[in-house]
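Throughout, a chain's letter reflects where its sequence line sits, starting with A, and its residues are numbered from 1. What's counted below: heavy atoms across the whole structure, side chains too, no hydrogens, waters or symmetry copies. Please read all numbers here as calculations on a predicted model, not as lab measurements.
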Amino acid sequence: MLNLFSGFILFQNSAYIPLLLLTAVPLLLHLFSKIKPPKLIFSSNELLRKILKQNERIKKPHDILLLIIRTLIFFFIILIFLKPLYFNQSPGINFFKPRSIVIIVDASASMAYNSNGQTTFAAACAEATHILSGLSSKDKANIIFLKSSPESLFPTTATNFAFLKEKLNNAAVSNEAGAVRPAIKKAIEILQKEKDRRAEILVISDFQKTQWNNFFKNPDIPGNISFTFIKTETVTSGNYAISSSDARPYTPLPGDNIIFSCEISNYSSRPKKIPVYFQTGAIYKREKVSISPWNSSEISFSIPYSDNAKSNQSSFSKADYYSYIFSLDEDSFPGDNIRYGVIKTGKNLKVSLINTANSNSQLKKALNSLTFLDVQNCELNETLLNEIPDFLFIEKWHGEQTALIKKLSKLGTALFIFLAPGIKTSAINQVAGKIFSTNNNIQLTQQNAEKKAFKLRLVSPDDKVFKLFANGEYGDPADAIVKKRLLIPQVNSNATVLFDYSDKVPALIRISNSNNPPVYIWNIPMNRKNSNFVNKIQFIPILGELILSARTKNKNLTHLLNYTPGTYLTFSSENINNFSRKIILKNQKQSTFKIKSYNENGKNILITDKPVTDSGIYSWLLKNKVIMINQVNFPASESDLRTIPTDKINKLGTTVNAGSGAMDTLHSGYNLFPILFILAILAILTEGLVMVRSEYLSSKLNRNKE
Amino acid sequence: MGKHRFRFLKPEDIKKLANFEFAPKYIVEGYFAGRHQARHQGVSSEFRDYRPYTYGDDTSALDWKVFARTEKYFIRTFEQETNTACYIILDSSASMGFGKKLTKLEYSSFFSAALCYLITKSGNQVALETFDTSIREYAPPGSTGKHLQNLMHILEHNTPGNKTSLSSALIKSYPLFERKGSIVIISDFFDNPAEIFAALNPYLHRGFKVYLFHILTPEEVTLPGNGMQLFVDMEDNSKLPVHTESIKNIYKKEIMNHIKALRELSKRRQVEYSFSDTQTHFFQLFDKLVR
């Protein structure tokens, strides 16, 4: 469609432009006739005045209308002689300068949508080829494919259009998300080197909302470059996708029940009921899920240990990496119908114990008795960051190193803090968030039981931690007395009190945070002298349940990182420095990838020599043994195929539809002759009609008088 | 009356007027016993009626023959014949000066002069009044040659004056017209017909016979000029730009409607109305009077 208000008109017969002054002829004739008509002495104007008064109501609007129509007739006829061409571009551009254009072709994953037998990307390439064919020999061009790392085919614009066309012909759509700003920035950099040329950026894309919204909100583009946005065919049939997947627990131990879940999104205006397939090793499951329009649903597959045991090929019974796949039936946009995941079952969980006072405490003994734990005595300092522990136990914490503890918590370490007398509430608040009701910074003092020992109470018997004790097999978890304790004030609702004393002083507090692992604050002495809690038979199971339930996503576990196509895969370990040359990277199709290594802070890091392009499972192998698995998944942001509204795009430049021929019109101009001819004829007909109507009304008025 | 002595009364016209006789058959009041019937009973040879004698009646009027037959006194009454008075009211407003070869005022003056001559010739009395917004000249009724000369003098020195207001002129004239008779109004009647007839009402009640002579030029009937014209009003000098072609037909219809309105009102009030354009010879207007 022509947008007449954003373009400009070029006259082929511009020498006749002064003729446009003739448009004023009807108006001047009208005015002259009013100003100085010939005088006529008449006996009496009374009757004339009366007639004019009666006719003025009809005549005056008709006269004005006729004047306008006659002016338009003159205008249209003169315009026909001027041979106007309409250009739907920003005015102010010197039309006669040669062009330098950079065509940004969107090669992001959403362009793989298959419509009418060809992908949107193929249509975009065809449009780009057509634009190149329309350039003159003086013009220059370059092409940037919009991917996660946009690259231009030439360092600057060039006249070798044949090369560009060949590249377009062989180009393939990526599985990557498109980095819009870097692509536009690169195009601007190229064009700013051009002088005395019309600098233009042509963007051919589906203008997917999730990809372009940020750019159009804050475009930050120079004014001397014109933008043309060529919109590929709009998708109407919708899409469904697996937008995320997960496995719990994040760090399973051999024998754990593992729950695999994924989120299915319906990016369409119709409700869907679709089958979801899950596969890990030889285990294969299928379930249907219903999703309402523009919504998502989560579906879970639970793989109990018994299932694994039955399977010969797939088993989580030993410590290893395991991959799993969620998939959907193929639709018009297949890239997001499959999602890969990796879990690693470990032999044990790593516990760092900070125990400066007593190297062989009751707590250490209890931890060591849990065979799935690897307990190491450590100092509370920066060395903890070298290998992030799953759990950090601090015995007798006086409030030191709060920043370090907080950092570890953010990296995924669950904290078990045993408070020492004299600690201030501000230190606890810094690590666990503001948990105390009081705003005062209170120093917690130790309180001794005088006659009767303090009795522990179970506050939250329904908590998942105490599920094990529900049938009484493991005794009463709160069956213990304490002789010394700290006088801890009441806590806020963001903290859960698991145990307290009969006078409501909290004994064990859990602070849960959706982003970070939990923090346990202990007010129960861990020695036999002051409490019998550690002697009780239920102590070890309580400790075990607390530890197992505290497992969260350790951000240091690289196998849990979700890579997207277009990124480099890396592998780093201090232990494999000597064998790094023997490590290879393979995908699930057993294709080997070239890798290179570099040293960073004494660590040998392996990296793919180019970004991986396909989603899938990538295994790092040493002597055919898997030492690390990476999951590369389709970028979830590319699944929502809704596009940016055209009026938003129009704010930055001209918008045309690909394949509509509008691009040709944009540069060769739209001949306005037929429109003007029709308008002139219509104006003449209208003038006739107005005159006939005027006569009719006058005669009607006369008839009425008679 | 010498040759070409008066501008509006030419010898050849006088010769032609010899065949005309201004004798409207209407009862009028007059000084002398004459040719016109008077409503008053008087001395004449034409018997009218008998009526019983009452004290004060002239005994010479007793019909003794009737007394002999009936032994009752009856008086014989006769119709009184008198000379008639005709009041000519000539519109002398500025609009009457319109006309290419012959202005309406000239045309009307020719007619008035001939009429004056004809009336005096027949021994009747004629009065002449010229007016525009008010009465400009008034010559009371007379029938002598000297009177006729005065009237001719008034007509020759009469020029188009100010705006027309026939109705106000008629109202002002009423006390001047002492004797009942005929009123001849010669005008272009650029006035509201209803107002004109409202002003005529007292005359009609008194029994005046009224004749309206509506004089227009042919241009005034068809609207002069082509295309855009600035019409300058002769009476008030006002200017009006008019596209003549666009309103010509409407104007013609309007002027015809005006004439029609005057004619219909005249018919209703038993007033003689006659329209003439200045191209028609004024002699034809006498047909109206003598009919």
salt_bridge(B:E254, B:K252) N-O dist < 4.0 Å: no
task: Would you verify whether the NZ or CZ of B:K267 falls within 45 degrees of the ring axis of B:Y273 while also being under 6.0 Å from that six-membered ring's centre?
output: no
query: Does B:E106 pair with B:R7 as a salt bridge, N-O distance under 4.0 Å?
result: yes
- prompt: Does B:K10 make a cation-pi contact with B:F8, if we ask for NZ or CZ under 6.0 Å from the ring centre and within 45° of the axis?
  reply: no
field: B:L223 portion near chain A, given a 4.5 angstrom heavy-atom threshold
entry: side chain
- prompt: Given that the side chain runs from C-beta out, which part of B:F231 has a heavy atom under 4.5 Å from chain A: side chain, backbone, both or neither?
  reply: both
- request: Can you tell which part of A:L48 gets under 4.5 Å to a heavy atom of chain B, answering side chain, backbone, both or neither?
  value: both
